[in-house]
A.B. asks: 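To start, I am sharing the structure in question, which I have written as structure tokens.
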Amino acid sequence: MPSRTALRPVLGAALLATALLSAPAGAQPGKSPAAAGSAGQPRAASASGADAGAGVRPADFAACLARLRPEAIEKGISGATYDRHTASLVPDMAVIGFLDAQPEFVTPIWDYLAALVDDERVADGRAMLERWREVLAKVEAEYGVDPATVVAVWGVESDFGRRFGKRPLLESLSTLSCYGRRQSFFRGEFFTTLRIVQEGHVAPEKLAGSWAGAFGHTQFMPSTFMRLAVDFDGDGRRDLVDSVPDALASTANFLKRAGWRSDIPWGFEVKLPAGFDASAAGRRNKQPASVWASRGVKRVDGGALSADTPSAILLPAGPQGPAFLVTRNFDALYSYNAAESYALAIAHLSDRLRGGGAFAAPWPTDDPGLSRAERRELQRLLIARGHDIGEADGMIGSRTREALKAELAMLGIESDGRAGQKALAALRKAAERR
């Protein structure tokens with residue numbers, strides 16, 4: 001999602017990643033609506049008027065909305081618009097718990113990338129490159145961002161439009177405007193959402209998305225939408241929900257404004273020399289690529305380093321894992337959703353869409369992550385052993401983790417419920433013995 005420091009501009013990757021990824025023991029990943037079925041954690045409130053949450057009185061929420069009305073009008077929202085779209089709102093207190101639990105920061109990177117960049121997404125992405133080839137060519141001509149990069153963002157943000165999120169934006173953002181921390185930030189997003197409705201870009205019933213307000217194919221926050229969304233299909237509206245051309249062009253416009261350059265790559269996987277000083281790494285510590293070459297840094301594919309391009313060494317899993325030399329284009333990806341793991345997922349998927357392969361260096365773990373197909377297999381094995389976890393959808397929620405933990409315990413294996421290769425192998429072995 002585009003905009004950020006502590007909270008990203010587009011929180012869509014959080015939506016998809018949280019749905020797909022299991023968290024380490026003790027973590028409290030922010031579960032998106034897309035993951036609600038497998039996580040088994042119902043919302044505290046909904047538009048149907050369900051319980052607004054322990055300790056929250058509907059009258060208090062209504063009073064908060066009344067206090068916000070004058071400020072909304074100062075921001076250009078008509079009284080009629082405000083009254084019409086807030087009259088039936090109830091607080092969704094579940095969103096408060098998601099503020100401090102973004103999966104990019106609590107999930108091992110090998111789990112994060114295994115689910116977001118797998119063979120399924122690569123195949124789907126290549127199909128989308130072909131299906132939208134003409135639109136993407138026009139987008140590249142207009143904004144200078146290549147098709148693979150734009151489609152990679154689309155794939156990671158919403159799985160090519162399959163997962164927008166289901167939380168009504170006005171409900172989530174009004175709740176975050178009245179409760180929890182960063183109320184001022186969310187009030188701005190709340191008022192901007194009302195402007196989007198008032199100006200007719202997207203119908204209010206279609207404004208559903210992540211817990212923090214990101215929506216559409218490429219999951220823009222409302223404020224980012226107002227600044228950077230474009231009408232690329234020429235229908236007079238900027239629509240990231242029903243118009244793929246608008247969404248793809250808006251993403252390219254965001255990256256262009258974030259400093260994307262068409263004449264340089266995002267970076268490369270590199271091999272570091274023995275004894276490399278890891279303290280020199282860091283996305284902000286950019287040097288001409290020639291400086292890194294003089295220190296013995298080499299591309300793993302044998303290609304040459306562009307001598308003058310400012311680049312930095314990135315070690316997402318420390319000096320024992322894969323190493324990358326990244327440019328300002330990586331920073332542009334990072335600005336879309338401020339987490340290095342997110343930017344690397346986009347970068348890696350874009351390379352895979354161009355025909356590239358897996359990273360040469362392995363992650364520093366003896367228990368790598370699972371692809372979505374493997375996650376579904378793991379869930380099917382749990383279901384076959386009598387665990388009620390819902391459908392095998394590849395989304396690792398709390399019910400799947402608890403079932404996995406219990407099943408492994410019965411097999412004599414201590415586990416925190418993380419879905420990794422060792423857990424899958426144990427379940428496969430147990431199934432063979434039955």
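The first residue of the sequence shown is numbered 1, and numbering continues consecutively from there.
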A.B. asks: Does the pair Asp263 and Arg261 meet the rule for a salt bridge (Lys or Arg N to Asp or Glu O under 4.0 Å), with working shown?
C.D. replies: CA-CA 6 Å; Asp263 59 334; Arg261 281 179 43 179; 2.7 Å; yes
A.B. asks: Donor-acceptor pair, distance only, cut-off 3.5 Å: does the side chain of Arg376 make one with the backbone of Gly394?
C.D. replies: no
A.B. asks: Please lay out, stage by stage, how Ser350 and Arg354 fare under the test side chain to side chain donor-acceptor pair (under 3.5 Å).
C.D. replies: CA-CA 6 Å; Ser350 69; Arg354 299 183 194 99; 3.3 Å; yes
A.B. asks: A side-chain contact here means heavy atoms from C-beta on lying under 4.5 Å apart; do Trp211 and Leu176 qualify?
C.D. replies: yes
A.B. asks: Could you pull out the closest heavy-atom pair between Pro222 and Leu169, with the gap in Å?
C.D. replies: CG-CD2, 4.2 Å
A.B. asks: Using side-chain heavy atoms (C-beta onward) and a distance below 4.5 Å, is Thr193 in contact with Phe215?
C.D. replies: no
A.B. asks: Less than 4.0 Å between a side-chain N and a carboxylate O, is that true for Lys422 and Asp367?
C.D. replies: no
A.B. asks: Is there a donor in the side chain of Asp351 and an acceptor in the side chain of Trp266, or the other way round, less than 3.5 Å apart?
C.D. replies: yes
A.B. asks: Starting from the C-alpha separation in whole Å, work towards a yes-or-no answer on side chain to side chain donor-acceptor pair (under 3.5 Å) for Thr218 and Thr251.
C.D. replies: CA-CA 7 Å; Thr218 50; Thr251 296; 3.0 Å; yes
A.B. asks: If you measure from the Lys or Arg side-chain nitrogens to the Asp or Glu carboxylate oxygens, is any gap between Glu142 and Lys256 under 4.0 Å?
C.D. replies: no
A.B. asks: May I ask you to decide if Ala332's main-chain N or O and Ser335's side chain share a donor-acceptor pair within less than 3.5 Å?
C.D. replies: yes
A.B. asks: For Glu414, does the CD atom sit with more than 12 other heavy atoms under 6.0 Å from it, leaving out its own atoms?
C.D. replies: no
A.B. asks: Report yes if some heavy atom in the side chain of Phe61 is under 4.5 Å from a heavy atom in the side chain of Tyr179; otherwise report no.
C.D. replies: yes
A.B. asks: To the closest 0.5 Å, what do you measure between CD (Glu189) and OG (Ser184)?
C.D. replies: 10.5 Å
A.B. asks: Atom OG1 in Thr224, atom CZ in Arg257: separation rounded to 0.5 Å?
C.D. replies: 11.0 Å
A.B. asks: Taking salt bridge (charged side-chain N to carboxylate O under 4.0 Å, His left out) as the cut-off, I'd like each qualifying pair that reaches into residues 274-288, sequence neighbours left out, listed once.
C.D. replies: Arg283-Asp331, Arg283-Glu340, Lys286-Asp331
A.B. asks: Does atom CZ of Arg162 have more than 12 heavy-atom neighbours, drawn from other residues, nucleotides or ligands, at distances under 6.0 Å?
C.D. replies: yes
A.B. asks: Is there side-chain contact between Pro316 and Trp110, with at least one heavy-atom pair below 4.5 Å?
C.D. replies: no
A.B. asks: Please answer whether the main-chain N or O of Gly417 pairs with a side-chain N or O of Glu402 as donor and acceptor at a distance below 3.5 Å.
C.D. replies: no
A.B. asks: So, the side chain of Glu269 versus the backbone of Ala323: is there a donor-acceptor pair under 3.5 Å, distance only?
C.D. replies: no
A.B. asks: Should Glu130 and Arg133 count as an ion pair when the cut-off is N to O under 4.0 Å?
C.D. replies: yes
A.B. asks: Do Met226 and Ile196 have side-chain heavy atoms sitting under 4.5 Å apart?
C.D. replies: yes
A.B. asks: Do Val326 and Tyr334 have side chains that approach each other closer than 4.5 Å (heavy atoms only, starting at C-beta)?
C.D. replies: no
A.B. asks: Are Arg121 and Asp124 within salt-bridge range, i.e. N to O under 4.0 Å?
C.D. replies: no
A.B. asks: Taking the basic N atoms (NZ, or NE/NH1/NH2) and the acidic carboxylate oxygens, is any pair closer than 4.0 Å for Lys206 and Asp239?
C.D. replies: no
A.B. asks: What is the distance from atom OG of Ser158 to atom CZ of Arg163, rounded to the nearest 0.5 Å?
C.D. replies: 10.5 Å
A.B. asks: Quick check: closest heavy atoms across Ala280 and Asn285, and the distance to 0.1 Å?
C.D. replies: O-ND2, 2.6 Å
A.B. asks: Can you check whether Pro265's main-chain N or O pairs, donor with acceptor, with Thr327's side chain at less than 3.5 Å?
C.D. replies: yes
A.B. asks: My understanding is that only residues two or more places apart in sequence, or in another chain, count here; which of them pass side-chain contact (heavy atoms from CB on, under 4.5 Å) with Arg433?
C.D. replies: Leu411, Lys429, Ala430
A.B. asks: So, taking the atom named OG in Ser172 and the one named CG in Leu207, what distance separates them when rounded to the nearest 0.5 Å?
C.D. replies: 11.5 Å
A.B. asks: If I compare all heavy atoms of Val151 with all of Gly125, which pair ends up nearest, and what's the gap?
C.D. replies: CG1-O, 3.7 Å
A.B. asks: Can you check whether Leu136 reaches Glu140 side chain to side chain, under 4.5 Å on heavy atoms?
C.D. replies: no
A.B. asks: Strictly distance-based, threshold 3.5 Å: is any side-chain N or O of Ser290 a donor or acceptor partner for the main-chain N or O of Asp308?
C.D. replies: no
A.B. asks: Mind checking the OH-CZ spacing from Tyr143 to Phe232? Nearest 0.5 Å is all I need.
C.D. replies: 6.0 Å
A.B. asks: Okay, side chain of Glu120, backbone of Ala373: is any donor-acceptor separation there less than 3.5 Å?
C.D. replies: yes
A.B. asks: Verify, without hydrogens or angle tests, whether Asp118 (side chain) and Arg372 (backbone) share a donor-acceptor contact under 3.5 angstrom.
C.D. replies: yes
A.B. asks: At what distance, to the nearest 0.5 angstrom, does OH of Tyr112 lie from CG of Leu344?
C.D. replies: 9.5 Å
A.B. asks: Assess whether a salt bridge exists between Asp242 and Arg237, defined as any Lys/Arg side-chain N lying under 4.0 Å from an Asp/Glu carboxylate O.
C.D. replies: no
A.B. asks: If we only count heavy atoms from C-beta on, is the Phe324 to Phe330 side-chain gap below 4.5 Å?
C.D. replies: no
A.B. asks: Taking NZ, NE, NH1 and NH2 as the nitrogens, is one of them in Asp301 or Arg299 under 4.0 Å from a carboxylate oxygen of the other?
C.D. replies: yes
A.B. asks: Please check if the side chain of Arg375 supplies one atom and the backbone of Ala115 the other of a donor-acceptor pair under 3.5 Å.
C.D. replies: no
A.B. asks: Among Lys405, His387, Gln379, which one satisfies side chain to side chain donor-acceptor pair (under 3.5 Å) with Thr400?
C.D. replies: Gln379
A.B. asks: So, Asp246 side chain and Asp233 main chain: donor-acceptor pair closer than 3.5 Å or not?
C.D. replies: yes
